[in-house]
2 protein chains.
Amino acid sequence: MSAASEATTLTAHDVVEAAGRIVEKDGLDALTMRRLSDDLGVAVTSIYWHVGNRRALLDALVDRVLADMGMLEAIGSTPRERMASLARQLRAKMLERPHLIALVHEQAKTPLMFLPVQAAMAAELAALGHRGATAALSLRALQMHVIASVVLERTIERHPTAQRAPFDDAAWSNDLADAELVAELSREPDRVELFEFGLKALLAAL
Amino acid sequence: MSAASEATTLTAHDVVEAAGRIVEKDGLDALTMRRLSDDLGVAVTSIYWHVGNRRALLDALVDRVLADMGMLEAIGSTPRERMASLARQLRAKMLERPHLIALVHEQAKTPLMFLPVQAAMAAELAALGHRGATAALSLRALQMHVIASVVLERTIERHPTAQRAPFDDAAWSNDLADAELVAELSREPDRVELFEFGLKALLAAL
DNA sequence: ACCTGAACACCGTTCAAGT
DNA sequence: ACCTGAACACCGTTCAAGT
C-alpha cells in the first residue's frame, strides 16, 4: 500500500503524491520540476505530460490537502465550548503540515480549509440564537482567528528570534515605561495562550 | 528632489529605492536583479557591488519600509477608543503598500511594524490598570488581529473569488441549514466590518 | 498513450578584467 | 572605488522525436 513507486507506469496521482512529500519535508521552494522528476526516476518532461505545468501541479496539490482535511467533531457541553473545541482541532490539524498549509494560503485557498467545520459551527451558533448575517460574521471572525494563528505561528517558526527593535529604546524612554511589560515583550510569545485569549474574546462577544 | 537618477554615481540607497518602486508597483516576483539593473541603467553585476546579493537587498528594503512607518497619534476620549484608533491607523498605513508589507511579512518582520504604536498602547493599557504580562498579552492579541487583518485582506485581493466549495452541498445538506447564512457566506466578506468585530471583541475582553 | 533529449529564455551569482 | 562582460549552475517550459 505504501511502496507504490513500482515499475508500473506513472500516473498524475503519483506525481502529486511525490510533490506533496517534497513540500511537506523541505518546503515549497524545494519543489522544482527537476527534483520531482529525479524522485520519480523519470525525465523532467514527462511530468509535464501528466500534470500540465507547475501551476497546475500546485493546484492539484492544494486540492489534495483540502480533501485530506476530514471532518471534526464538536466536543463540550455548551455551544461556546463546542465551538472552541472545533477551532482548536482545526488549528491543530493545520499545524500538523505547516509547509502544505503555507502553500494553501499562498494560493488564497485558506478559507476552504474552514468548510468542514462551518456547518458544525453554524449549528452551535443557531443554538445561541444567531443566524443569517450575524452568524456569518461570527463564523468569519472565528475563521480569521484560526487562520491568523496558524499563519503567524509559521512565520515565527521560520525566523525564531528576529524580534530586536531598531528604535526600541527611543519609543520606550518615557515616564510610562513598564519594565515587566518590556521584558515580557522581548520574550517569545506563548502561542497557545495567545490563541486562547483571542478565541475566548470572540466567543464572549457572541 | 524626485529626479534623483542623475548621471552621478550609483549608491546603495539608489538601488534600494529603485527596488522599492518595483516591488510596490509590480510585486515581489517582479524584482529580479536584471530588471533592477535595467531600471537603473547599469550592468547587473554592479548591483552586487552595492548591496551584496538579493537577500541583503530585501533586508535593506524591509528596513527602509519599517523606518518609513512613522509614529501614530491616539485619538479618542476613552482608553479603549484610543487603542482602537491606533489599531485602525496602523491597519490603514499597512494597507497603503500591500506588496511591501507582504515582503515584510515574508521576512518574518511583521512584529516590528507594530513597535511605533506599542508604547502608545501600553500607556492606554496602564490607564485601564493593566501592566506586565497581562498588558503584554493584550498588546500581542491586538497586534495579531491587525496583522491578520492585513495579511488576509491581501490574500483575498489577490484571488478575488476563489471561494467555491467542493463538498459544500454535502456539508450543508442537513436539517440545520440556514439559507441566509449560506447565502451570506457565498458573498465576499465586508473586511472593515470583520476587522471592527474582532477589534471590539478584543477590547471588550480587557 | 507515454516518455525522452535537445533547446530556449530566464534566473542569481562569481570573477577576472577594465577604468 | 566603481563598473563591465563572460561564464556558471540553476530554473520552467516547448517541441520534435522516439516507442
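Within 4.0 Å of A:T32, counting heavy atoms only, lie sugar-phosphate atoms of the nucleic acid but no base atom.
Evaluation of the salt bridge (charged side-chain N to carboxylate O under 4.0 Å, His left out) rule for A:D68 yields A:R97 as partners, not counting sequence neighbours. Residues that satisfy the salt bridge (charged side-chain N to carboxylate O under 4.0 Å, His left out) test with B:R82, not counting sequence neighbours, are B:E124. Legend: residues meeting salt bridge (charged side-chain N to carboxylate O under 4.0 Å, His left out) with B:E196, ordered by chain and number and at least two apart, are B:R88.
The existence of a salt bridge linking A:R21 and A:D39 is excluded, since no basic side-chain nitrogen approaches an acidic carboxylate oxygen closer than 4.0 Å. We find that A:E184 and A:R187 are joined by a salt bridge, their nearest charged nitrogen and carboxylate oxygen being less than 4.0 Å apart. For B:R34 and B:D38, the salt-bridge test fails: no basic side-chain N is under 4.0 Å from an acidic carboxylate O.
Residue order along DNA chain D, read from the 5' end via each residue's closest nucleotide, puts A:R35 first among A:R35 and A:T45. Each of B:R34 and B:T11 was assigned the nucleotide of DNA chain D with the nearest heavy atom; the assignment lying further toward the 5' end belongs to B:T11.
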N/O donor-acceptor pairs under 3.5 Å from side chains in residues 198-206 of chain A, not counting sequence neighbours:
none

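Consecutive pairing runs in DNA chain C reach the stem threshold at C:4-8 with D:12-16, C:12-16 with D:4-8, where a stem means at least three Watson-Crick or G-U wobble pairs with distances under 3.5 Å.
Atom CE of B:M144 sits about 9.0 Å away from atom CE of A:M144, to the nearest 0.5 Å.
Along DNA chain C, read 5' to 3', the first and last nucleotides having any atom under 4.0 Å from a heavy atom of chain B are C:dC11 to C:dC15.
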